[in-house]
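What follows is one structure encoded as structure tokens, with my remarks underneath.
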Amino acid sequence: MQNNPFTAKWSAQGHTLCLGHWIIHYQGLPLNLPDSKAENDMDTRGNFSYLFPDEDDFVEGTAEDEWIVANVDWLAEVFEQHQVPLDEPHLRWFYRAVNAADWRCGSCGGCI
């Protein structure tokens with residue numbers, strides 16, 4: 001599989017994660033996300049615990065296959081708007097890009 005053409009970053013860092021938004025690019029060009037997705041976590045699977053980052057008991061979120069099925073409708077609109085091929089490799093690359101930068105409310109420890 002080739003290198004991921006998507007990059008994803010959450011704009012906020014440190015103890016203010018909940019105040020951020022997604023910055024996602026496809027081949028260097030910015031993508032516009034629906035408002036309902038742009039300022040929220042993506043519910044991808046991972047351990048987002050501030051206190052217990054290595055504990056399997058704190059793994060949460062939706063696995064890749066199930067996440068793609070649950071989100072394909074809005075992804076299809078975004079991909080069409082930005083001329084991204086709507087195929088399995090691109091859907092998986094998108095998931096993996098956002099998964100690497102995903103977060104959860106409270107995962108930074110700022111509100112504890």
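Quick note: numbers below take in every heavy atom, side chains included, and nothing from hydrogens, waters or symmetry partners.
- In terms of the side chain to side chain contact (heavy atoms under 4.5 Å, CB included) criterion, L29 has no residue partners (sequence neighbours excluded).
- A 6.0 Å sphere centred on CD of Q81 holds more than 12 heavy atoms belonging to other residues, nucleotides or ligands.
- Identified under the side chain to side chain donor-acceptor pair (under 3.5 Å) test for residues 19-31, with sequence neighbours left out: S11-H21, Y26-H90.
- Remark: D35 pairs with no residue by the side chain to side chain contact (heavy atoms under 4.5 Å, CB included) rule, at least two apart or across chains.
- The two residues A101 and A8 have their closest heavy-atom pair at CB-O, 3.5 Å.
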Would you list the atom pairs, donor with acceptor, under 3.5 Å between side chains in residues 57-72 and any protein atom, with sequence neighbours excluded?
{"from": "E60", "atom 1": "OE1", "to": "R104", "atom 2": "NE", "distance (Å)": "3.3"}
{"from": "T62", "atom 1": "OG1", "to": "D43", "atom 2": "OD2", "distance (Å)": "2.7"}
{"from": "E64", "atom 1": "OE1", "to": "R96", "atom 2": "NE", "distance (Å)": "3.0"}
{"from": "E64", "atom 1": "OE2", "to": "R92", "atom 2": "NH1", "distance (Å)": "2.6"}
{"from": "E64", "atom 1": "OE2", "to": "R96", "atom 2": "NE", "distance (Å)": "3.4"}
{"from": "E64", "atom 1": "OE2", "to": "R96", "atom 2": "NH2", "distance (Å)": "3.0"}
{"from": "D65", "atom 1": "OD1", "to": "R92", "atom 2": "NH1", "distance (Å)": "2.7"}
{"from": "D65", "atom 1": "OD1", "to": "R92", "atom 2": "NH2", "distance (Å)": "2.6"}
{"from": "W67", "atom 1": "NE1", "to": "M42", "atom 2": "O", "distance (Å)": "2.6"}
{"from": "N71", "atom 1": "OD1", "to": "W74", "atom 2": "NE1", "distance (Å)": "2.8"}
{"from": "N71", "atom 1": "ND2", "to": "W67", "atom 2": "O", "distance (Å)": "2.8"}

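- With rounding to the nearest 0.5 angstrom, the CG atom of D87 is 7.0 Å from the CH2 atom of W93.
- Rounding to the nearest 0.5 Å places CG of L75 at 8.5 Å from NZ of K37.
- Contacts of A12 classified as side chain to side chain contact (heavy atoms under 4.5 Å, CB included), with partners at least two apart in sequence or in another chain: W10, T16.
- Taking each heavy atom of S49 and F52 in turn, the nearest pair found is OG-N, 2.8 Å.
- Crowding of Q83 atom CD: a count of heavy atoms from other residues, nucleotides or ligands under 6.0 Å not exceeding 12.
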(request) Applying side chain to side chain contact (heavy atoms under 4.5 Å, CB included), run through F6 and V98 and close with a yes or a no. (result) CA-CA 9 Å; F6 293 96; V98 297; over 6 Å; no
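- Within the model, atoms CZ of F79 and CG of L31 stand 7.5 Å from one another, a figure rounded to the nearest 0.5 Å.
- Side-chain atoms of N47 come within 3.5 Å of backbone atoms of E55 as a donor-acceptor pair (strictly under, hydrogens ignored).
- Qualifying side chain to side chain donor-acceptor pair (under 3.5 Å) partners for D41, counting only residues two or more places apart in sequence or in other chains: none.
- Using a 4.5 Å cut-off on side-chain heavy atoms (C-beta onward), T7 and I24 make no contact.
- With contacts defined as side-chain heavy-atom distances shorter than 4.5 Å, the pair N32/V78 does not qualify.
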